[in-house]
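Quick notes on the structure that follows.
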Number of protein chains: 2
Amino acid sequence: MARGQGDGETPDPAAATLSEAELTVVQNESLIHRRREQICQAALELFLEKGFASTTIRDICAKSGVNQASIYDYIANKNDILRRLLNQLWFNPDVPTLPEMLRAAPEAGFEEVLRRYLREAWEKKRKGTLLVYRSVPHMLEEDRRAMRVRDKALLADLSGELAERVGLPERDPRTEVMANMIIFMTAFGPMRDWLTRDVEDEVMLDVVAAGVAAMVARLAESAGEDG
Amino acid sequence: MARGQGDGETPDPAAATLSEAELTVVQNESLIHRRREQICQAALELFLEKGFASTTIRDICAKSGVNQASIYDYIANKNDILRRLLNQLWFNPDVPTLPEMLRAAPEAGFEEVLRRYLREAWEKKRKGTLLVYRSVPHMLEEDRRAMRVRDKALLADLSGELAERVGLPERDPRTEVMANMIIFMTAFGPMRDWLTRDVEDEVMLDVVAAGVAAMVARLAESAGEDG
DNA sequence: CCCAAATCCTGACGAATGTCAGCCCGCGTA
DNA sequence: TACGCGGGCTGACATTCGTCAGGATTTGGG
């Protein structure tokens, strides 16, 4: 039974997603989709709980109910699972990026858009955020590169949006650091929720959004001084 | 050759550090110390590069020059190495905490102290920060608990210092979220340095310190309004 | 009810892992 | 020079890992 054909077929360096192996054994598309869903869901929970490297294929099979042999009819290997998860959760989430939201709602203030963004991101991208920050060392170098490309693009986009509001050139390092901080703040809720679980979500959101808005205002101020 | 006696001997739940196994085979204390240094140094670099779980004892031996058998005369097991690293880098670093520095320099402004703190933390605790955030899933539950205790204590301490400056009660959730954000920001430099490596350190420091100070000021402001 | 195609699963492979028993060597002392 | 002992090391153990060949089983059309 000749199974899949391994990893990277499309080495497009600017690809927006990670390449997923194609498998040819099972033919029923909807079955493939269903099984992959089971597998990825189980894998995600295990990766978050025990980390990528110490989650075994056997664990994933047990949790998802897919047989140890059959699993290779649906995914190419363990790393392929990680790639598919990152594609779903990081590269293609149903949450627009912050700069997109800023552009979509030009009438709303920065702080209000930020609040909406954080609310959505913390709700829908929580697991993806955790997975990304934790599994960087286990990604293939090629995939890490793709992630960095994506991250840099987002950073540039946000820097652009920010530059206008702050009155600094887009490529000013201070603008870039600020954009970086804001992106980092997206991970705040997910990564430190073990210590903030007894705080009401909306309170946390308010404090973070207000804080970040104040950071940005402060940068604008100091840009005005030396501009 | 009866080697060490495994893991947790001192189950003190409020212990300030993680318990390290005692080994009884090698007797020369300074030799033990020297070898442990080699081992931990090599392990740290490997853990950061490939992650804890996919670093093997053989890797560590190769990199540190210690024999595969002898290594168990100096450490109890792989997890013991992680514990020792966390003790060195996280529980006992030669960097005072932020609230300590605030208390030690009451004449200096918040922003200036913050800048000093971040400078030191990013220089001396960088690797520890990375190690902690990445190896949480591989720690024993007991150790994770100890970390959380420590983290909570730091959080409470910082909340206390902050409360005065902000005019909110120490236990106000907003104060706690703010303290949490500041602690999180300590990880900003290390965790996102792959994207900020071409930014000068001092610029980054300025932007972050100014930003955080602005966040705190903003919180004080809104506390004044509803106080 | 039968047969072929599609899907599932038993069982196993080679490689890698954490761990260590037990032998080895060299050095200081008698 | 002989001996004892602290420390190093070869080689191997039991286990677990990712992976899959190939037979068993189900499914659907005639």
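The sequence lines fix the lettering, A, B, ..., with proteins before strands; numbering per chain opens at 1.
In terms of the side-chain hydrogen bond (donor to acceptor under 3.5 Å, both in side chains) criterion, A:Glu200 has no residue partners (sequence neighbours excluded). Not a single side-chain hydrogen bond (donor to acceptor under 3.5 Å, both in side chains) links A:Gln88 to another residue, sequence neighbours left out. Considering only residues two or more places apart in sequence or on other chains, A:Arg134 meets the side-chain hydrogen bond (donor to acceptor under 3.5 Å, both in side chains) condition with none of them.
A straight line from NE2 of B:His138 to P of C:dG18 spans 13 Å, rounded to a whole angstrom. Protein atom CG of A:Asn79 is 15 Å distant from nucleotide atom C1' of D:dC17, rounded to whole Å. Rounded to an integer number of Å, the gap from B:Asp73 CG to C:dG18 C1' is 15 Å. When the P atom of D:dG7 is taken as reference, atom CD1 of B:Ile75 falls 17 Å away, rounded to whole Å. Atom CG in A:Leu31 sits about 12 Å away from atom P in D:dG28, given to the nearest Å. Rounded to whole Å, atom C1' of D:dT16 lies 13 Å from atom NZ of B:Lys78. If you take CG of B:Asn67 and P of C:dG18, they are 15 Å apart, rounded to a whole angstrom. The nearest whole Å value for the distance from the CG atom in A:Asp80 to the P atom in D:dT19 is 10 Å.
Dense packing is recorded around CZ of B:Arg144, with more than 12 heavy atoms of other residues, nucleotides or ligands lying under 6.0 Å away. Within a 6.0 Å radius of CG in B:Asp201, other residues, nucleotides and ligands contribute 12 heavy atoms or fewer. By the neighbour-count criterion of 12 heavy atoms within 6.0 Å, atom CG of B:Asp151 is densely surrounded, having more than that number from other residues, nucleotides or ligands.
Taking a 4.0 Å limit (strictly below) on heavy-atom distances, residues 45-66 of chain A reaches DNA chain C at A:Arg58.
Look at A:Tyr72 and you won't find any side-chain N or O under 4.0 angstrom from OP1 or OP2 of C:dT7.
Over its length, the helix from C:dC1-D:dG30 to C:dA30-D:dT1 turns its helix axis by 10°, as judged from the five terminal pairs at each end, rounded to 10°.
A salt bridge does not link A:Arg174 with B:Asp206: none of the charged nitrogens is closer than 4.0 Å to a carboxylate oxygen.
Within the structure, ring-ring contact (aromatic ring centres under 6.0 Å, His included) contacts touching residues 129-159 of chain A (residues at least two apart or in different chains) are A:Phe52-A:His138.
Using a 4.5 Å heavy-atom cutoff, the side chains of A:Gln41 and A:Lys63 are not in contact.
Summary of the strand contacts: B:Gln68 and B:Arg35 both lie near DNA chain D, and taking for each the nucleotide with the nearest heavy atom, the more 5' one is attributed to B:Arg35.
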